[in-house]
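To keep things clear, I will list the structure first and then write my remarks on it.
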Amino acid sequence: NAGVTQTPKFQVLKTGQSMTLQCAQDMNHNSMYWYRQDPGMGLRLIYYSASEGTTDKGEVPNGYNVSRLNKREFSLRLESAAPSQTSVYFCASSVISANEQFFGPGTRLTVL
Amino acid sequence: DQQVKQNSPSLSVQEGRISILNCDYTNSMFDYFLWYKKYPAEGPTFLISISSIKDKNEDGRFTVFLNKSAKHLSLHIVPSQPGDSAVYFCSTRASGSRLTFGEGTQLTVNP
């Protein structure tokens, strides 16, 4: 089992460009999450999907959209990237929304 | 409103000694507490957890203590090893809700 995989590992964008971060899990988990990690801020939830077909905003959703493509895949889209979105992005999954989460290796995004 | 706080951004300990990482929370509805460990360039991994019905949970060198009256959680690592050097995140949840994470503490264990 690969667990939670994320692509790409690194990305550099110019302000205003768009991109989609991909995430997939092979653990048959129902719930999936997107976090960003910034120095001194810990892990902040951007969006989550409690189950296939549902998505909800987390703590810092502005500037992002998500798609729960199927049970395995949950993508994060930046429509018009801003320097404030420079961060490390982690995808995670869990059996149900209140359980222990399993994290992917992260995507390091820089917006110039 | 930061519901989970780790007030020490960093901690440095000698190999073989005890490491104590602390976490405070504000919401008395939190009923499950977890510690995650994160190495550079990797995602966080689950380390140990404790339910609010307990005050201590032990797993090898790692012990988590919960003081509900003080709304305080701590992780003890004994003995500390250089491989324990990582960022440790405290996280909590109220029943049926999502996890909330603290800011993290960078632990450095010196040989």
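Sequence lines set the chain letters: A, B, ... in the order given, protein chains first and strands last, and positions in each chain run from 1. Keep in mind that this is a model prediction, so the values were computed, not measured.
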ask   = Are B/Phe89 and A/Ile46 grouped together when hydrophobic residues (ILVMFWY) are joined by side-chain heavy atoms under 4.5 angstrom apart?
value = no
inquiry  = Starting from A/Leu76, can I reach A/Leu45 by hopping between I/L/V/M/F/W/Y residues whose side chains sit under 4.5 Å apart?
reply    = no
inquiry  = Rounded at 0.5 Å granularity, tell me how far CG in B/Leu99 sits from OH in A/Tyr35.
reply    = 5.5 Å
ask   = Cluster question for you: counting only ILVMFWY and a side-chain heavy-atom cut-off of under 4.5 Å, with indirect links fine, are A/Leu21 and A/Phe90 together?
value = no
task = Report yes if the side chains of B/Phe101 and A/Glu59 come closer than 4.5 Å at any heavy-atom pair, otherwise no.
result = no
key: B/Met29, CE: over 12 other non-hydrogen atoms inside 6.0 angstrom   = no
inquiry  = For the CD atom of B/Glu103 and the CD atom of A/Gln37, what is their distance to the nearest 0.5 Å?
reply    = 11.5 Å
Those residues of residues 44-76 of chain B, ordered by number, that approach chain A below 4.5 Å (heavy atom to heavy atom) = B/Pro44, B/Phe46
task = Any chance you could measure A/Phe102, atom CZ, to B/Tyr36, atom OH, to the nearest 0.5 Å?
result = 7.5 Å
message = Looking at A/Arg108, I'd like to know if its CZ atom is crowded, meaning that more than 12 non-hydrogen atoms belonging to other residues, nucleotides or ligands lie closer than 6.0 Å.
response = no
ask   = Measuring from A/Leu43:CG to B/Lys38:NZ, what's the distance to the nearest 0.5 Å?
value = 8.5 Å
inquiry  = Tell me whether the count of non-hydrogen atoms from other residues, nucleotides or ligands lying under 6.0 Å of CZ in B/Arg17 goes above 12.
reply    = no
message = Hydrophobic clusters here meaning ILVMFWY residues chained together by side-chain heavy-atom distances under 4.5 Å, can you tell me if B/Tyr25 and B/Ile20 are in one?
response = no
message = Are A/Val60 and A/Leu78 connected into the same hydrophobic cluster when the rule is that any two of I, L, V, M, F, W, Y join if their side-chain heavy atoms are below 4.5 Å apart?
response = yes
